[in-house]
Amino acid sequence: MNTTKVFANTSAAMSSGRLDAERLRRIVECKTVAEAFKVLGDYGYAYSEGQSVDGFIVGETNKLIQFVAENSASEKLANALLARFKYNNAKLAYKSRFTAVPDDGYYALDFDCKKIADGDYSDADPFMTKALEALDEAGENRPQAIDLALTRAMYEYILSCGVSLIKKYARAEIDMKNILTAARMKKLGIAGEQFISGGKVSVETLTEALAEDDFASCFEHTPYAEYAERIAENDFADLWKSELEADDYSYWLSYRQVASYASHTPFLNYYTETLIELKTVKTALVCVKTDSRDTFYKRMPEIYK
């Protein structure tokens, strides 16, 4: 179902803001995961006895999927925003041919994953179909290669949806993923075709950064100059911080125009905020489970500080 932009954005605004620094502190300071689930229940999250952390996060993600499907102002916007979940299911279904995959890892979508597991791609979009057929032809069964092939196809699909705001968002996401990938490759001293096309930073620039002593200098004329500098600090010692920074960047990219109810921006901002929120909740729950609460405060996204 599609709605007007004003209704979609109003619905998003009413659903946002479940977490802040104080609420996160209450969650992390719980003695057990079961106690943390009860606190999350006070904040509007659903939980059940004996629920796993992963099962809880998938359940909450399914609520976001339903919200986008029911409240998006256009079918193209919904398709673009739900692509990451559809492609996640495709990855799991394809890998299920070779290895056991968790049943609770699939998101609730109107998309029959069993067909992909059986080699039937009739419900897949053209980009997904092309990637899956290429994997078949290559006899590929390495999980990382399957993930990369379908991630590339996912971004092709998102960029094809024709929503200008989502194109900007997706290209920034691609660029930051590619720079982080280049940093990991440089740190490990490896090379390979691991980049995703569709961003504004060229493959030539990324490849140059692998060979350049001053990694960050290759990106000084891009919007990611400071990001690359921080990635390269301490000989690439803290790449996990860069993953958090990429999430924050995506959030602030849409937050700047969050009051523009005549655009898709507030809706996109809520979507991005919720993805970060669920990642943060999962980190908090894992820290409670492993009794590593101090670690959480180091990994708290900037939007909660």
Side-chain angles (χ1 to χ4, degrees), residues 1-3 8 11 46-48 51-163 166-167 169-170 173-174 196-198 267-268 270-272 274-275 278-279 282:
M1 181 180 73
N2 299 133
T3 65
S11 298
Y47 76 97
S48 58
Q51 192 171 38
S52 70
V53 171
D54 286 338
F56 171 79
I57 296 300
V58 169
E60 286 297 323
T61 304
N62 285 337
K63 291 182 182 179
L64 174 62
I65 291 169
Q66 183 179 3
F67 181 88
V68 170
E70 292 180 354
N71 295 284
S72 174
S74 78
E75 184 176 356
K76 289 181 178 180
L77 177 64
N79 288 341
L81 295 182
L82 296 180
R84 71 175 68 236
F85 310 114
K86 181 179 178 181
Y87 274 77
N88 169 84
N89 287 2
K91 291 172 185 178
L92 289 178
Y94 195 88
K95 285 185 278 190
S96 71
R97 301 179 188 181
F98 317 110
T99 187
V101 299
D103 290 336
D104 62 1
Y106 290 97
Y107 297 116
L109 292 161
D110 185 18
F111 179 62
D112 189 353
C113 299
K114 188 177 183 301
K115 286 186 176 182
I116 289 179
D118 294 338
D120 178 356
Y121 308 146
S122 58
D123 290 346
D125 64 72
F127 302 99
M128 184 185 290
T129 299
K130 182 179 178 181
L132 292 170
E133 289 177 345
L135 289 170
D136 287 344
E137 186 175 348
E140 187 61 75
N141 62 5
R142 295 172 299 164
Q144 285 185 326
I146 293 166
D147 285 343
L148 178 59
L150 285 168
T151 296
R152 285 170 168 166
M154 178 193 76
Y155 280 112
E156 286 186 84
Y157 173 76
I158 290 172
L159 292 172
S160 77
C161 287
V163 183
I166 303 302
K167 286 183 179 181
Y169 175 86
E173 201 170 60
I174 291 167
I196 302 165
S197 62
F267 196 82
L268 173 61
Y270 166 72
Y271 169 87
T272 308
T274 305
L275 291 179
L278 294 178
K279 281 186 183 180
K282 182 174 182 178

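In what follows, every heavy atom counts, from backbone to side chain, and hydrogens, waters and symmetry copies are set aside.
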**OP:** Sequence neighbours left out, what passes side-chain hydrogen bond (donor to acceptor under 3.5 Å, both in side chains) with Asp112? Give chain and number order.
**Re:** none
Subject >> Donor-acceptor contact present, side-chain Glu60 to main-chain Leu278, <3.5 Å >> reply: no
Subject >> Check against side-chain contact (heavy atoms from CB on, under 4.5 Å), Leu159 and Ile174 >> reply: CA-CA 11 Å; Leu159 292 172; Ile174 291 167; 4.3 Å; yes
Original post:
Is the closest side-chain heavy-atom distance between Lys91 and Thr151 below 4.5 Å?
Top reply: yes
Original post:
Is there a donor-acceptor pair under 3.5 Å between the side chain of Asn89 and the backbone N or O of Tyr106?
Top reply: no
Original post:
Taking only residues two or more places apart in sequence, or in another chain, which ones meet Tyr94 in a ring-ring contact (aromatic ring centres under 6.0 Å, His included)?
Top reply: Phe98
Subject >> ring-ring contact (aromatic ring centres under 6.0 Å, His included) involving Phe67 - partner list, sequence neighbours excluded >> reply: Phe267, Tyr270
Original post:
Is Glu173 salt-bridged to Arg84, cutoff N-O under 4.0 Å?
Top reply: yes
**OP:** Kindly state each residue pair satisfying ring pair (Phe, Tyr, Trp, His ring centres under 6.0 Å) with at least one member in residues 71-92, sequence neighbours excluded.
**Re:** Phe85-Tyr107
Subject >> Salt-bridge present (Lys114, Asp120; N to O < 4.0 Å) >> reply: no
**OP:** Output every pair passing salt bridge (charged side-chain N to carboxylate O under 4.0 Å, His left out) with a member in residues 126-137, not counting sequence neighbours, ordered by first then second residue.
**Re:** Arg97-Asp136
Subject >> Tyr121: partners by ring-ring contact (aromatic ring centres under 6.0 Å, His included), with sequence neighbours left out >> reply: none
